[in-house]
Amino acid sequence: MNCTACNKPSNNSRCPLCNEPVQMPLITKGEVKPGKTYFEKYADFLPFKDNNISMQEGATPLIKSNILQNLYLKNETQNPTWSFKDRGTITAILHAIKQGYTKIGTVSTGNMAVSVAAYGAKANLKTYILVGKTIPAEKIGPIAAYGVNVIKVDGDYGKLYFKSLEFKDIAFLNSDVPARIEGYKTIAFEISEQLNYADYVIVPTSAGGNIRGILKGFIEFFKAGIIPKIPTIVCAQAKGCAAIVDAYEKGLDKVQRISAPDTIAHAIRNPYPPSGNEVLRKLKQHNGLFVSVTDEEILLAQKQLASEGLFVQPASAVSVAAARKLRKNNTITPEESIVCILTGSGLKYTKILEKFNYTTNEIAINDLKEHLE
Ligand SMILES: *Cc1c(COP(=O)(O)O)cnc(C)c1O
Ligand SMILES: [Zn+2]
């Protein structure tokens, strides 16, 4: 593995010299094999073999949408724990097992926590989920349900990510560890098969792990001669917590911590993305785009998706809100195809429904006939 910034070899997930994320080597030769699971199909491009931990993550549908012309939705809510995180959790666990770890953990209160808890249970590993002290009770249940250790930590939650890396006998499978990125590549592999190729791929971005994996996947398929070009990758964030987009717009090389993050898109509310600088570097190098959207635009996109049968989290709707914006300002023409990554299910965050302003009718059973006619 090598540092993404200075290229120095390293066995840790962050570079001891510059503290930037480390990544596994590019795999530039191979082909898609016949098979059912992604481990079978993409064996040439994945440095891991499944040992019965897979719950058949991935293989999610790509659905044509009518919200915009030439818009496709990659429905990641159909993963085992209802978000794309499962794709990277399994590869990160396989890597940890290969290195001899018997204990795993993560720092998260959301989809990451649920995903690591589920796969930790499936793999029969001691699993530790570190959450902030102020976590609401309803978020603990869906993590604790898997029978793992949930530990409330009093202190600066932002520092917990870096602190967790100091425990040498627990593999912390945090948002941007190298093996997790390898799993996220499979989103790019599947899109390449489902759409031949996409012109734009829009990714709701927080820590930056998923977007790094998706770009790496497209680069590998391009270098292996499987796709004719690398799509333009779009980093989409919520205006109220857009560390990466802000840095890009200010012409900075490094992200700056957001002091008071404020958005309905809770799943992407990381004020100091650990892969932020790397996302800036790589996307600039590949002519990527950086877009932020308001809570109003997010909510509208979320409602539009629901009206097409897809109830996703506000964080996921950020991708469609960004697509609308890029079409509206003519950055993307109607002829060019867009894939939006719908990262996680709306059922994870039903409190948002208070903002949907829906109505229900109540009538007596005897009046039902009259009412429906
Ligand atoms: C984790 C998550 C993201 C952001 O992914 P990163 O790898 O942290 O950039 C986006 N949407 C949802 C629903 C998530 O759970
Ligand atoms: Zn370095």
Side-chain angles (χ1 to χ4, degrees), residues 1-23 74-79 81-89 92 106-116 139 142 161 173-177 180-185 187 202-216 233-238 241-245 255 263-283 298 302 305 310-322 340-349 352:
M1 301 197 291
N2 294 77
C3 173
T4 52
C6 73
N7 207 35
K8 269 258 178 328
S10 168
N11 288 322
N12 301 324
S13 57
R14 299 197 80 86
C15 175
L17 289 179
C18 61
N19 201 26
E20 283 294 293
V22 162
Q23 75 170 12
K74 183 71 171 149
N75 185 8
E76 288 298 300
T77 74
Q78 291 191 210
N79 276 293
T81 71
W82 316 284
S83 87
F84 75 92
K85 295 283 195 310
D86 296 338
R87 292 180 188 262
T89 300
T106 198
V107 178
S108 164
T109 53
N111 290 324
M112 177 73 82
V114 174
S115 182
V116 170
K139 282 186 134 186
Y161 168 96
L173 318 177
N174 294 344
S175 45
D176 64 343
V177 295
R180 189 173 273 288
I181 307 298
E182 297 302 301
Y184 294 160
K185 294 190 310 194
I187 295 181
I202 306 183
V203 190
T205 301
S206 185
N210 194 24
I211 195 167
R212 282 181 53 206
I214 290 173
L215 177 56
K216 189 166 188 268
I233 307 295
V234 183
C235 168
Q237 297 197 291
C241 188
I244 303 172
V245 179
V255 297
T263 170
I264 56 168
H266 292 175
I268 55 169
R269 204 171 44 179
N270 188 326
Y272 191 56
S275 273
N277 302 336
E278 165 63 0
V279 173
L280 276 174
R281 278 193 294 274
K282 277 282 154 52
L283 254 63
I298 296 167
Q302 191 187 15
L305 285 162
L310 291 166
F311 180 45
V312 302
Q313 287 182 251
S316 309
V318 163
S319 59
V320 172
C340 283
I341 312 295
L342 302 184
T343 44
S345 165
L347 287 178
K348 292 282 188 80
Y349 180 41
I352 192 69

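The analysis underlying the following values was restricted to heavy atoms, covering all of them including side chains, and did not include hydrogens, waters or symmetry mates. Along the sequence shown, the residues carry numbers beginning at 1. Counting convention: from 1, in listed order, for ligands and their atoms alike.
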| message | Side chains of Arg180 and Thr89 only: does a donor on one sit below 3.5 Å from an acceptor on the other? | response | yes
| request: Tell me the protein N, O or S atoms under 2.8 Å from the Zn ion (ligand 2), in chain and number order. | output: Cys3 SG, Cys6 SG, Cys15 SG, Cys18 SG
| Donor-acceptor side-chain pairing of Glu20 and Asn277 below 3.5 angstrom | yes
| query | Do you know the tightest heavy-atom contact between Ala243 and Gln237? | reply | N-OE1, 3.5 Å
| message | Within the 3.5 Å criterion, strictly below it, is a donor on Lys348 or Asn111 matched to an acceptor on the partner's side chain? | response | yes
What are the atom names and distances for all N or O pairs under 3.5 Å between ligand 1 and the protein?
residue  : atom   : partner : partner atom : Å
ligand 1 : 7 (O)  : Gly209  : N            : 3.2
ligand 1 : 7 (O)  : Asn210  : N            : 2.9
ligand 1 : 8 (O)  : Ala207  : N            : 2.9
ligand 1 : 9 (O)  : Ser206  : N            : 2.9
ligand 1 : 9 (O)  : Ala207  : N            : 3.3
ligand 1 : 9 (O)  : Gly208  : N            : 2.9
ligand 1 : 11 (N) : Thr343  : OG1          : 2.8
ligand 1 : 15 (O) : Lys85   : NZ           : 2.7
ligand 1 : 15 (O) : Asn111  : ND2          : 2.7

| message | Could you check whether Ser316 and Thr343, counting side-chain N and O atoms only, form a donor-acceptor pair closer than 3.5 Å? | response | yes
| Between the main-chain N or O of Asp176 and the side-chain N or O of Asn174, is there a donor-acceptor pair closer than 3.5 Å? | no
| query | Is it true that Glu76 and Lys85 have a side-chain N and a carboxylate O under 4.0 angstrom from each other? | reply | no
| message | Under 3.5 Å, is there a donor on one side chain and an acceptor on the other for Arg269 and Thr263? | response | no
| Among Val203, Ile202, Ile187, whose side chain to side chain contact (heavy atoms under 4.5 Å, CB included) with Ile211 holds? | Val203
